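Basis for what follows: all heavy atoms, side chains included, without hydrogens, waters or symmetry-related copies. Chain identifiers are assigned alphabetically (A, B, ...) following the order of the sequence lines, protein sequences preceding nucleic acid strands; residue numbering begins at 1 within each chain. Keep in mind that this is a model prediction, so the values were computed, not measured.
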Amino acid sequence: MGYLTQSTAAAVHLIIGADPELLEIVRVSLVVCGSSTVIASVLGIPMGLAIAFAEFPGKRLAITLLNTLMALPTVVVGLLVYAFLSRRGLLGPLGLLYTKRAMVLGQIILVIPLCATFALAAVSRLDPRFRQTALTLGAGPVRAAAAVAWEARFALAAGVAATFGRVIAEVGVAMMLGGNVKGFTRTMTTAMALEYDKGQFDLAVALGIVLMALSFGVNLVVHLFQGRMRT
Amino acid sequence: MSRAILTSTSAPLYEISGLVRAHGGKKVLDVAALEVRQGEICGVVGPNGAGKTTLLSLLAFLDRPTAGEIRFAGKPAPSDARGLVALRRQAVLIHQHPVFFSGTVKKNLEFGLKLRKVPEARRAALVEESLDLVGMRPFLHARAQSLSGGETMRAAIARAVALSPRVILCDEPTAGVDDQARAAVARLLSNVNREKGITILFTSHDAFWARNLARRRVRLYEGRLVPPAWENLFHGTVETGPDPGDGVLVLPSGLRLPAPGLSPGPARVAVDPAFVELEKGEPARNAPGVLSGTVIQVGMENGGVRILVDAVISLSAVLPMDRYRKSGILAGDRVQVRIPPAAIQEN
């Protein structure tokens, strides 16, 4: 346990001293994970709403598939996207591999099912009369879906927070598609894995603290948003 | 009654033929034919599970029939999304327990107006006018989701009226509201119909309440329309004075019943027993529809009391229990019978 105490003390020192390496890693993580969360939400939430409201053959199968994809291992997504982005892959000439864009792409594929499922669950729990009311008052399908989404905004916000939590904590996609290049694609989780390999825990513990603080911060913001909008 | 004249002369708004809605192969609604005319108040009466809500969902174009056709204002209902949106804007459904979006009453009333791209100043005027109509103006800035049951229903009526649809479809508008609010809802719907000319089609499991609001009622049972129980049927000759509203049906016995709006000549009418008014004692004046008779039978019926009166003609009246108790009428009593024009339906 001694190393943990020592490392924690050193980690706090790094955080208070605003260590440039630490800040850079946090910045990369926020840029990559923030981008993937926003894009996945923009794509996933409408997808969830569409599945919830549209009647089409195979709807139940689509929902089962989405639920299954929620459990997708990060390394499987990493491998799949790597196959496309590697030099010999279909998208190899774009030169995306080991860039932030590749990481964002991989993370989007990873969390779209999660985001869509959250949206689907959020609006399915809502009273169906909300949508019928919007329709009978003259809304088209898109405007009615937007009205319903607004009524489910707290649950949707929780979904977005969970999506961010998933991407900020994942290591497989970031490592396999980002390559853990220092100052470029090194994120908090890949840096922690590396520091662990090196047997150096100071930075790893510091990053762990920041990661937890960030997750706490995001959830606190969601919680405050829910509280403020309800009163 | 202007409504009676409207009903018989105005164009049909809904023409339904062979309408079927099935869930999992089981027919929950099977209406062979039904017509609702523009400007009328029509009640669909039936017990819970009769298919009333299903019928209104179809008439609001929120659900598609399994088979059959709904013609609206002379045209078949379109199947494309754009056509359906245009149609829904003319037929607003008010749910049994209406829901409001989060935000103020004003914001909720503006929702449909914004969709119709009504300019802001006009929107504000329409919202206030509609709230005035239902007596809810002080609630303009109240949170819509915190209104009581009766207030929610009134606000929902205002929300529908603000959009000036051709028809308002009300699903069990008195469910979950107290007696006082029930009477208020009936008055409101009647006002909306009279002042705005909006057709009202409502459902109710309460036949008494429905009778007070709508001259024309259809009965739905297990998904099918059942024929009205015509009773108190009389035939005679309609005589009109200079004003057609003064029409009188003269029975072979010489008794005179009010028959406004009916054409002169031979006619057959039904007197709705729910509209017949009884009072102990002899009539104070002699006028069409005012008779004197003896109570020959009193019996309970569906939560009300049916009273059979011998007044030269044999006449049935049905009173709600509370009114019967107040009247103190017993078998053998002499009673004054008043048949208001609203009780008369041409048959």
Original post:
Which one, Leu84(B), Leu87(B), Leu115(B), Leu169(B), leads in non-hydrogen pairs under 4.5 Å with chain A?
Top reply: Leu115(B)
Subject >> Atom pair CG (Leu137(A)) and CZ (Arg88(B)), whose distance is rounded to the nearest 0.5 Å >> reply: 11.5 Å
Subject >> Taking every non-hydrogen atom, the tightest pair across Ser102(B) and Arg153(A) >> reply: OG-NH1, 3.3 Å
Original post:
Is there a donor in the side chain of Arg159(B) and an acceptor in the side chain of Thr133(A), or the other way round, less than 3.5 Å apart?
Top reply: no
Subject >> Interface residue of largest heavy-atom contact number with chain B, from Val148(A), Leu135(A), Asp127(A), under 4.5 Å >> reply: Leu135(A)
**OP:** Name the region of Leu163(B), side chain, backbone, both or neither, that has any atom closer than 4.5 Å to a heavy atom of chain A.
**Re:** side chain
Subject >> Per-residue contacts, residues 119-133 of chain B versus chain A, heavy atoms under 4.5 Å >> reply: none
Original post:
Going from CG on Leu62(B) to CZ on Arg131(A), what distance comes out if it is rounded to the nearest 0.5 angstrom?
Top reply: 9.0 Å
**OP:** Side chain from CB out, backbone as N, CA, C, O: work out which of these in Ala160(B) comes under 4.5 Å of a heavy atom of chain A, or both, or neither.
**Re:** neither
Subject >> More than 12 heavy atoms of other groups within 6.0 Å of Phe216(A) CZ >> reply: no
Original post:
Which heavy-atom pair separates Ala60(B) from Thr136(A) by the least distance, and what is that distance?
Top reply: CB-OG1, 4.5 Å
Original post:
Should we say atom CZ of Phe101(B) is surrounded by more than 12 heavy atoms from elsewhere, each under 6.0 Å from it?
Top reply: yes
Original post:
Would you find more than 12 non-hydrogen atoms of other residues, nucleotides or ligands less than 6.0 Å from Arg71(B) atom CZ?
Top reply: yes
Subject >> Minimum side-chain heavy-atom gap Glu151(A)-Gln145(B) below 4.5 Å >> reply: yes
**OP:** Could you tell me which portion of Phe111(B) (side chain, backbone, both or neither) has an atom closer than 4.5 angstrom to a non-hydrogen atom of chain A?
**Re:** side chain
Subject >> Interchain contact, Arg82(B) with chain A, by part (heavy-atom threshold 4.5 Å) >> reply: neither
Subject >> Greater than 12 external heavy atoms within 6.0 Å of Phe84(A)'s CZ >> reply: no
Original post:
So what's closer than 4.5 Å to chain A heavy atoms on Phe100(B): side chain, backbone, both or neither?
Top reply: backbone
Subject >> Choice from Gln90(B), His97(B), Lys114(B) maximising heavy atom contacts with chain A below 4.5 Å >> reply: His97(B)
